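The block underneath contains the structure these notes are about, expressed in structure tokens.
Computed from a prediction, not measured in an experiment: that's the story for all the values here.
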Amino acid sequence: MNTNKHVFTKGTVIGVIAALTLTACSSGQEATTDKKAEATSNEPVKISMFTNQQGAQAVDPSNPILQEIEKKTNTKLNITWVPVNTYSEKTKVMLASGDLSDLSLVMNVFDSQVVQMATSGAFWDITPYIKDYKTLSAMPTVVWDNAKIKGKNYGIPRPRPLEGAWGVHVRKDWLDKLGMKVPETMDDMYAVLKAFTEKDPDGNGKADTIGITGQVDADGMGLYGWIEDVFNNNNGFWKLSNNQIVIAALEPTERKALEWLKKAYDEKVLTQDFAVIKNSQAREQYMGGKAGVLGSALNPQWLYTDAMRKIDPKADSFPLTYLMTPDGNKFAAQDSGNFGMYVIPKTVPEAKMKQLLGFMDKILSDDVADLAAYGILDKHYTIKDGFKTATEQAKVDNIPDVSNNLLQIAQKYDKYTRAYYNGIPKEFYDRSKKIIDDRGAFSKPNVAYGLISQTNLTSGPELNKKILDMKIKVIMGKESLAAWDEFVAKTKADPTYLKIVQEMTEAYKNK
């Protein structure tokens, strides 16, 4: 969603830009020198990167796969790995300081801080250069378009497929044991949560399982967002209603989502620390066989199942193809085609900027991206009938964890990317491919993706925090649903909100 907890003030932006501009001006001679060096030297290009650590351990510079990537791209990489739980906070500090790496990953292209810095000249506008790079220019237009800020690309998108980012996983083996069908409606889902909590689905004779776990983000419902999406029949924070772009949570359908969540909390089928639990803790709870439902993208299904099978050999983390909305429509959300972008600070000379684009062009190609995803051919995986199968050596070298990190840098665009996870059996892979194909017939895009309201950039984070705080209070019973109705009415009449709606709607019409 295009909101953020902290507001980056105009004064701070100007200060950062001034510092960046001075540095850029002072390096004019360096740019000329770099061009000459580029033409005469085959030395590896030194590149600093700031990126997300998704796996348990950072990738050591001595890792053979990372070294092979450096060899194939003729680079020497200095990577700052930042754990996912602190990434948003550390990114803000990094951006505010102006001390950026050559390539820095910003997860939210439309974060207010990112937008203000981009439009103030802190990052390279790479729009004119994309056509010069084979792999980058071959990515679908929608990937680039959805990463544009006011019509320009200020970074290289981290490409993602259009299907598979949204979703919810259910313990299929628990359903089978309890004689229950795969849920299709939210009533079905609630019955599953009750059974998973009360009917001893793991068969250990203890009341030690819960229906659903997850985590709440700083600016939204996080791993519970799929619940709101289904009730609202909407993808994301904003919704098109009566030809206006409005906040989905302020529409009448949101009340049903809150009623559902409040009931789940009251009846203790929802983890009671849902408002404070971390993402990693929720995943561990699910993988550890203590919860039966988790909001999640499609691809970690084998990560989850493989961990679960250390406890129960029959475990199966089953991704749902869809859930039915209250008005009877199949629902799954379609992704934007990217998950953040790598920005290049304007302090980097043009010649070096082109080298960085060349590096990203190589690292997103099939050859290098497959190396990052699967490891070294015939050592970490084999290929039979077009399917890649992990070897025992892949487990020894901890390839799933290494790939989890390297794919934050080198994941190519592939429709079926989210069907695969390192080590996944072919039958699971084929099942996921079918889910992706089936979703393509009805998945819902985010109508507000890429829309910018200046008022929302400054006032939106505070407004969203108020909305999120109120949701949590209602779910936990600290505020009533009647109080929610009053809050919604007051918010929808607020001049600031009305201005945001006006600006978002204008941006939508002019898109």
Side-chain angles (χ1 to χ4, degrees), residues 44-55 57-82 84 87 101-107 126 130 133-140 143-144 147 155-161 164-165 297 299-300 303 335 337-344 355-377 379-381 383 388 390 394 397-424:
V45 179
K46 294 181 180 179
I47 298 175
S48 61
M49 300 189 75
F50 179 96
T51 194
N52 176 34
Q53 178 189 318
Q54 197 62 281
Q57 301 292 329
V59 180
D60 191 271
S62 65
N63 182 277
I65 299 174
L66 180 58
Q67 290 186 339
E68 186 66 15
I69 288 173
E70 289 179 322
K71 180 181 176 181
K72 286 181 176 292
T73 58
N74 193 31
T75 57
K76 183 62 180 176
L77 302 177
N78 178 13
I79 305 174
T80 300
W81 296 100
V82 181
V84 62
Y87 198 80
S101 298
D102 294 328
L103 289 161
S104 297
L105 173 65
V106 293
M107 295 281 212
I126 65 169
I130 297 168
Y133 299 89
K134 181 180 178 181
T135 305
L136 298 182
S137 60
M139 284 199 295
V143 175
W144 287 102
I156 304 98
R158 237 181 6 155
R160 293 294 185 267
N299 48 304
L303 168 70
D335 201 14
N338 69 71
F339 186 12
M341 64 181 179
Y342 279 94
V343 297
I344 303 172
Q355 289 179 319
L356 296 175
L357 289 179
F359 164 70
M360 293 301 292
D361 192 64
K362 291 175 185 174
I363 207 168
L364 295 177
S365 66
D366 288 351
D367 186 27
V368 183
D370 282 354
L371 180 62
Y374 313 114
I376 298 170
L377 180 62
K379 179 179 181 181
H380 297 128
Y381 72 100
I383 302 177
K388 299 177 178 69
D397 292 347
N398 198 21
I399 297 304
D401 200 57
V402 172
S403 294
N404 218 5
N405 282 331
L406 291 179
L407 287 177
Q408 307 306 307
I409 301 170
Q411 183 163 307
K412 65 182 179 181
Y413 181 84
D414 180 346
K415 176 183 178 180
Y416 295 116
T417 294
R418 293 193 182 276
Y420 190 87
Y421 189 86
N422 204 287
I424 191 171

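- For residues 44-54, no residue pair satisfies the salt bridge (Lys or Arg N to Asp or Glu O under 4.0 Å) rule, not counting sequence neighbours.
- When side chains are defined from C-beta on, L371 counts as touching I376, because their heavy atoms get closer than 4.5 Å.
- Two residues are said to be in side-chain contact when any heavy atoms from C-beta on lie closer than 4.5 Å; I79 and N405 fail this criterion.
- At least one donor-acceptor pair under 3.5 Å links the side chain of D401 to the backbone N or O of Q57.
- Residue pairs meeting the salt bridge (Lys or Arg N to Asp or Glu O under 4.0 Å) criterion with at least one partner in residues 60-70, sequence neighbours excluded, are absent.
- The line from CG of L407 to OH of Y374 is 8.5 Å long, rounded to the nearest 0.5 Å.
- Between the NZ atom of K388 and the CD1 atom of I424 there is a distance of 13.0 Å, given to the nearest 0.5 Å.
- A donor-acceptor contact shorter than 3.5 Å is absent between the side chain of N74 and the backbone of V45.
- One distance of note links CD1 of I65 with NZ of K379; it measures 8.0 Å at 0.5 Å rounding.
- Contact between A390 and G423 at its shortest, heavy atoms only, is CB-CA, 3.8 Å.
- Distance check, rounded to the nearest 0.5 Å: CG of L406 to CD of Q54 gives 12.5 Å.
- Note that CG of N422 is 12.0 Å distant from CG of N299, once rounded to the nearest 0.5 Å.
- Under the 4.5 Å side-chain criterion, counting only non-hydrogen atoms from C-beta, L77 is in contact with F359.
- Across all non-hydrogen atoms, the minimal contact from R418 to A297 is NH1-CB, 3.7 Å.
- In this structure, the side chains of L105 and F339 stay at 4.5 Å or more apart for every pair of heavy atoms.
- We find the CD1-CD1 distance between I156 and I126 to be 4.5 Å, quoted to the nearest 0.5 Å.
- At distances below 3.5 Å, not a single donor-acceptor pair connects side-chain atoms of T51 with backbone N or O atoms of W81.
- Shortest non-hydrogen contact noted between S403 and A372 is OG-O, 2.9 Å.
- With no hydrogens or angles considered, no side-chain donor-acceptor pair links R158 and Q411 at under 3.5 Å.
- The closest side-chain heavy-atom distance from Q355 to D102 is not below 4.5 Å.
- Atom CD of Q67 has more than 12 heavy atoms from other residues, nucleotides or ligands within 6.0 Å.
- Closest heavy-atom contact between Y413 and R160: CE1-O, 3.4 Å.
- The closest side-chain heavy-atom distance from L66 to V402 is not below 4.5 Å.
- Here the rule is side-chain contact (heavy atoms from CB on, under 4.5 Å) with P159, and of L364, T135, N338 only L364 fits it.
- For an aromatic pair to be called close, the ring centres must be under 6.0 Å apart, and Y87 with F50 satisfies this.
- For the pair P157 and A147, the tightest heavy-atom approach, listed with the atom from each and the gap, is CG-CB, 3.9 Å.
- With salt bridges taken as basic N to acidic carboxylate O contacts below 4.0 Å, one links K412 and D366.
- Side-chain contact check for Y416 versus P161: every heavy-atom pair is 4.5 Å or farther apart.
- Considering every non-hydrogen atom in both Y133 and S137, the closest pair reads O-OG, 2.7 Å.
- Results of the side-chain contact (heavy atoms from CB on, under 4.5 Å) test with I69 over V59, T75, N63, V368 single out V368 as the only residue that passes.
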